[in-house]
Amino acid sequence: MEYNFRDIEKKWQQQWKESNAYSVSNDVSKPKFYVLDMFPYPSGTGLHVGHPLGYIASDIYSRYKRLKGFNVLHPMGYDSFGLPAEQYALETGQHPSVTTEQNITTFRTQLDKIGFSFDWSREVRTSDPQFYKWTQWIFLQLYNSWYDRSANKARPINELLTIFEKEGSLTLEGRLSEAGFGKEEWDAYDEKQRHDVLMNYRLAYSSFGEVNWCENLGTVLANDEVINGVSERGGHPVVKKKMRQWYLRITEYADRLLQGLEQVEFTESLKEQQRNWIGKSQGAEINFKVKASGPGLAEEKVEKGIKVYTTRPDTIFGVDFMVLAPEHELVVSLTTPDRQDAVNEYLGYVKSRSDRERMSEVKQITGCSTGAFAINPFDGREIPVWIAEYVLAGYGTGAIMAVPCSDQRDYDFAVHFEIPITNIIGSHFNGNEANPTKDAVLENSGFLNGMAMKEAITAAIDKLEELEIGRRQVNYRMRDAGFSRQRYWGEPFPIIWKEGMSHPLPEKDLPLELPHVEKYEPGPEGEGPLANITEWANLPGGGKRETSTMPGYAGSSWYFLRYMDPHNHSEFCNRKVSDYWGQVDLYIGGTEHAVGHLLYSRMWTKVLYDLAYIGHDEPYKKLVNQGMIQGSSRFVYRIKGTNQFVSAGLKHSYDTNPLHIDVNMVDGFELDIEAFRRWKPEFENARFILENGEEHSPGITGEKGVYICGAEIEKMSKSKFNAVNPDQIVEDYGADTFRMYEMFLGPIEQSKPWDTKGIEGVHRFLRKLWRLFYDDLKGKVWNTDKATEAELKVLHRTIKKIEDDTEKFSFNTAVSAFMVCVNELVELKCHKEEILMPLLILMAPYAPHISEELLYQVRSVTRSGENVVQGSVILEAAYPVFEEKFVQETAKEYPVSVNGKVRTNITISLSATQEEVEQIVLDNDTVQKWLGEKLHKKIIYVKGKMVNVVL
RNA sequence: GCCCGGGUGGCGGAAUUGGUAGACGCAGCAGACUCAAAAUCUGCCAUUCGCAAGGAUGUGCUGGUUCGAUUCCAGUCCCGGGCACCA
């Protein structure tokens, strides 16, 4: 009986499906474990072998945890709203819901062949009204909440309303509008004014703001969807545009998002990326008065002064000029009459420049003097005020104090415009470049003279606060997240606009379903396609629906909660259920979501926690980023302007263009010339210069040379023709081989190239395992003989290794350990159930089909009633508990040369603690004793007390 | 420029975290079985000198600590990723 993986895998996949083997109950009596994959966007192109890598790892871990006795939640679903489906609809007129449905079907077919243990009864789709009903509901919770800075948590907006009605905003800590208002003023406000004030506090709020507008895509993009001034998708130019938008007040959570990173197990680099994105900096806000006697300056402008943000208040005596962002509100009023024309010209120039130019021409120094002077609050020095585009309106206060001796940009600016530079750091400043050191001792710095800069920072802030001209201030680089898209294929907002005021839909009207449309063109004035459906958008009572839709990250910000309670019609997720499942214990996915999805979902979790809908405030306990599986691309070299191709070794003698070709036409590096000619009509008559210099033309045969292709490791993708389809691999080698090989390739977190040839090794291993049970000639060969000590040792070493490796996610070394184990059992000619049964159970998470089949075969003779793959067999119960005596190491002896003498270096394994060992006097008797007893356990070597025995 | 990772055979990668570097697999070479092929099995496989026994060198590079360093420390070079007029 041969290892017929096709039949075996088909049989068990069907069996698992029919028996609902992997459906999970919310059985609170068992310990839980939640293993989650980042759910996929169902694209039309289908899977390549890189996609399932993370799913295989999570599946192995889920199955392993099940065998360990946990109730494991391991769901899967689809992030099915998104741009590509809509783009496709624009081109073909196919409704996104139709293409999405088709893509999901293809996707599912491909996934099912790999033998995953997902509980499909819990499947979610973000585009399903029964799902986005709750996305809309959570949006309303955000809309109806504000962030209480004194309690440091979100609270219902009604409580804020009560505060306003009772005492206005004057007592509110960290209130948003500077001035604040009293109870009387609030009472005097009309409905619209109250609406606008409350809007300033809502966690989901609407506001006019500069947004990243992409003309080609006809939509607004989030900051992380814009890379170097062009759109992440398609690379189209992006400009700034003022529009009414929805935002999430994620900035209120900046500090908690930062602190939460300490509690979760993410990789250091991922935490670093999030910290970077949040961009917390500590410094001071300082108010500079404007010189009163400036020509044409009105009195009130002088009073207001210019507020700057700096992280280096210690350098305040080195301020030689001030710079305002061109968009700064004071620019117009500060400019003196004689500078008016120059400033206007400069503002015009800045406006003409796109974001892209501003970013790519960073080194170019531009600016313009306003003619006004500010006054250094400490020494009264008059400082010229400039405007320049290197200062950004959106960060800090939009104005800086420039210290050329310690900041390179300020230095460059000062040199360019010939502004004299004050040196406050003595010899640390060489006059040719700025020195941002914090180690200097201050000079020319008034009351800070002689102080080390590090101490001066605090001293300066204390003084500023004492004199009430500034205060300690923390700043974040992160901005509130744009939450509207002018698009069709997304969640509609449950909001109605009436007389400039927003009104939420009552909960009973949810879901607000996405209306069916025939056309997907953008609506008027940059509005979304929904604005075109006037009968939907305009309501009888005179109101108008919000016509933008929510962004892609809306549904993915909370989907992991819905898996817990997917069929609940009255709540997004029952509190008891979410208390049971709690955090995702293991989350597996790519790094590309480091600052998008992972940050937004953390924020939503914190909001839901604040409002007491769930009991934990970090969604993921541990995150593993799987690496990419790269493709090995192949190239042919076309001689420019011809239809002739030259072999890789000779390409340097010609002027050539490399051309990606399909890896399936290449055996190793050798091109299948006929396949290439059939590939595309234009190559039908292609001619070749082979590696040995021979020419090859259509119709001529008999040459011995071969065409050698060039090769390169790149990202795997259809367009590079280096994608390998998992369906083909599963067809040729089986799902178990595929699963194990993907793991065998290398560490899960690393990127590594795919090599189809290597899969043979893993496949051979599984066949070898099969032959431990079935001999080609003799048939059944397993038996119930008693195992020998040597065989037990092999088994137990493997058990220990596999458990350690699986817990550490070191799946590649685990697969190696299985191979070693089987090789050794073959050598020992061991066909004993006592050894093989535990091995199969141990292997079930990695290769579930073959394990289930062989266990079934053996069990039908010897056992019944257990099901390993479903997890009713607990690992400890299924195999003898790992016993140390079978894996003990003996003392290691090896010769070593010390100072010319040959000695024997002996490392002894001791079963003593570090402290105990250090008490032991290492004399010959002790050593003799140890060697005699062959102590074991962990190898402990005490520095300076090594045992050297002279031979 | 700043911040993270990482440099080990022809290739993917191991090494119990300071103890015989190169497990396991691929590729390669030689052989067995076979009329032949497939499948399977055996041996070799870091570099170098040597017929061999054996020797020398070897974990990017240069030093240091140590009886002993792929592992720890300092410096340096290269590769990958992230951020970037953020005051």
Side-chain angles (χ1 to χ4, degrees), chain A residues 2 228 267-277 279-281 283-284 308-313 315 322-323 325 358-359 361-365 388-392 394-403 406-410 412-413 436 475-479 591 594-595 627 632 668 713 740-741 744-747 749-765 767-768 771 776 800-801 804 810 812-821 823 826 887 889 892-899 901 903 905-909 938-941 943-948:
Chain A
E2 270 190 23
N228 291 328
T267 58
E268 207 39 53
S269 82
L270 194 128
K271 286 185 183 181
E272 201 57 32
Q273 278 183 59
Q274 294 211 352
R275 286 192 197 109
N276 242 317
W277 185 259
K280 181 175 182 170
S281 73
V308 302
Y309 173 73
T310 179
T311 55
R312 299 297 301 276
T315 62
M322 313 266 292
V323 188
R358 250 176 107 155
M359 280 179 178
E361 295 164 19
V362 187
K363 296 259 154 62
Q364 197 177 319
I365 299 164
E389 58 179 341
Y390 84 89
V391 174
L392 306 174
Y395 183 77
T397 60
I400 62 160
M401 55 178 228
V403 184
S406 82
D407 184 291
Q408 191 58 39
R409 290 155 307 166
D410 296 347
D412 293 340
F413 194 87
N475 242 318
Y476 299 94
R477 178 155 45 203
M478 182 169 67
R479 314 289 150 80
T591 28
V595 289
S632 184
I713 303 293
M740 290 198 103
Y741 183 56
F744 181 72
L745 276 176
E749 301 201 344
Q750 231 171 69
S751 289
K752 56 251 161 185
W754 175 266
D755 171 20
T756 300
K757 279 197 168 170
I759 202 169
E760 295 280 358
V762 175
H763 192 58
R764 256 192 287 264
F765 150 71
R767 281 206 308 259
K768 220 182 273 182
R771 284 199 304 272
D776 290 347
K800 178 151 173 58
K801 175 89 175 135
D804 287 353
S810 182
N812 56 327
T813 52
V815 175
S816 295
F818 281 124
M819 292 179 173
V820 172
C821 177
N823 282 341
V826 168
V887 291
E889 297 290 330
K892 285 184 181 177
E893 288 182 48
Y894 48 93
V896 68
S897 168
V898 179
N899 300 332
K901 287 181 187 170
R903 295 157 182 246
N905 190 347
I906 304 175
T907 304
I908 304 165
S909 309
K938 208 177 165 190
I939 297 171
I940 297 173
Y941 173 71
K943 190 172 174 174
K945 291 187 182 175
M946 193 193 67
V947 188
N948 280 330

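Since this is a predicted model, take the numbers as computed values, not measurements. Residue numbering restarts at 1 for every chain, and letters A, B, ... go by the order of the sequence lines. Side-chain atoms are counted along with the backbone in the values below, which use heavy atoms only and exclude waters and symmetry mates.
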Item to check | Watson-Crick/G-U partner (both atom distances under 3.5 Å) of B/rU34 | outcome: none

Item to check | Separation between the P atoms of B/rG22 and B/rC45, rounded to whole Å | outcome: 12 Å

Next on the checklist: Side chain of A/Gln273 only, heavy atoms from C-beta on: which candidate in B/rG12, B/rC24, B/rG82 is closest?
Outcome noted: B/rG82

Item to check | Whole-Å P distance, B/rC44 and B/rC26 | outcome: 16 Å

Next on the checklist: For the C1' atoms, the ones on B/rC73 and on B/rG25, what distance do you get once it is rounded to whole angstrom?
Outcome noted: 36 Å

Item to check | Nearest to side-chain heavy atoms of A/Arg409, which nucleotide of B/rG12, B/rA87, B/rC86 | outcome: B/rC86

Checklist entry - Distance between the P atoms of B/rG63 and B/rU71, in whole angstroms? => result 15 Å

Item to check | Contact under 4.0 Å: A/Tyr395 side-chain N or O vs B/rA87 OP1/OP2 | outcome: yes

Next on the checklist: Tell me if the aromatic rings of A/Trp754 and A/Tyr741 count as close, with their centers under 6.0 Å from one another.
Outcome noted: yes

Next on the checklist: Looking only at the side chain of A/Thr813 (C-beta and beyond, no hydrogens), which of the listed nucleotides B/rG12, B/rC24, B/rA15 gets closest?
Outcome noted: B/rA15

Item to check | Integer angstrom distance from the C1' of B/rG60 to that of B/rC77 | outcome: 8 Å

Every protein N/O within reach of nucleotides 3-7 of chain B N/O, cut-off under 3.5 Å:
| from | atom 1 | to | atom 2 | distance (Å) |
| --- | --- | --- | --- | --- |
| B/rC3 | O2' | A/Glu272 | OE2 | 3.3 |

Checklist entry - If you measure from the C1' atom in B/rG7 to the same atom in B/rG55, how many Å do you get, rounded? => result 30 Å

Checklist outcome for this item: Judged by nearest nucleotide, the residue sitting upstream toward the 5' end of RNA chain B, A/Val820 or A/Ile400, is A/Val820

Checklist entry - Base, sugar-phosphate, or nothing: which does A/Asp407 touch, judged by heavy atoms less than 4.0 Å apart? => result nothing

Checklist entry - Tell me: CE of A/Met740 to P of B/rG12, nearest whole Å? => result 22 Å

Next on the checklist: If the cut-off is 4.0 Å, is A/Arg479 near the phosphate of B/rC86, judged by side-chain N/O to OP1 or OP2?
Outcome noted: no

Checklist entry - Looking across every strand, which nucleic acid part, if any, lies under 4.0 Å from A/Gln750 by heavy atom: base, sugar-phosphate, or nothing? => result sugar-phosphate

Checklist outcome for this item: Taking B/rC26, B/rA87, B/rG13 as options, the one with an atom nearest any side-chain atom of A/Lys757 is B/rC26

Checklist outcome for this item: pair_partner(B/rU57), Watson-Crick or wobble, both distances < 3.5 Å, evaluates to B/rA46

Checklist entry - Roughly how many Å is it from CZ in A/Arg764 to P in B/rC24, rounded to a whole number? => result 14 Å

Checklist entry - Whole Å only: how far is the CH2 atom of A/Trp277 from the C1' atom of B/rG81? => result 16 Å

Checklist entry - When you measure from the side chain of A/Asn823, which nucleotide among B/rC24, B/rC26, B/rA87 comes out closest? => result B/rC24

Next on the checklist: From C-beta outward on A/Phe744, which listed nucleotide comes closest to its side chain: B/rC24, B/rG13, B/rG82?
Outcome noted: B/rC24

Checklist entry - Which whole number of Å gives the distance between the C1' atom of B/rC2 and that of B/rU20? => result 43 Å

Item to check | Of the listed nucleotides B/rA14, B/rC85, B/rG12, the one nearest the side chain of A/Glu389 | outcome: B/rC85

Checklist entry - Between A/Arg771 and B/rA39, is there a side-chain N or O to OP1/OP2 distance below 4.0 Å? => result no

Checklist outcome for this item: A/Gln408 atom CD is separated from B/rC2 atom P, nearest whole Å, by 12 Å

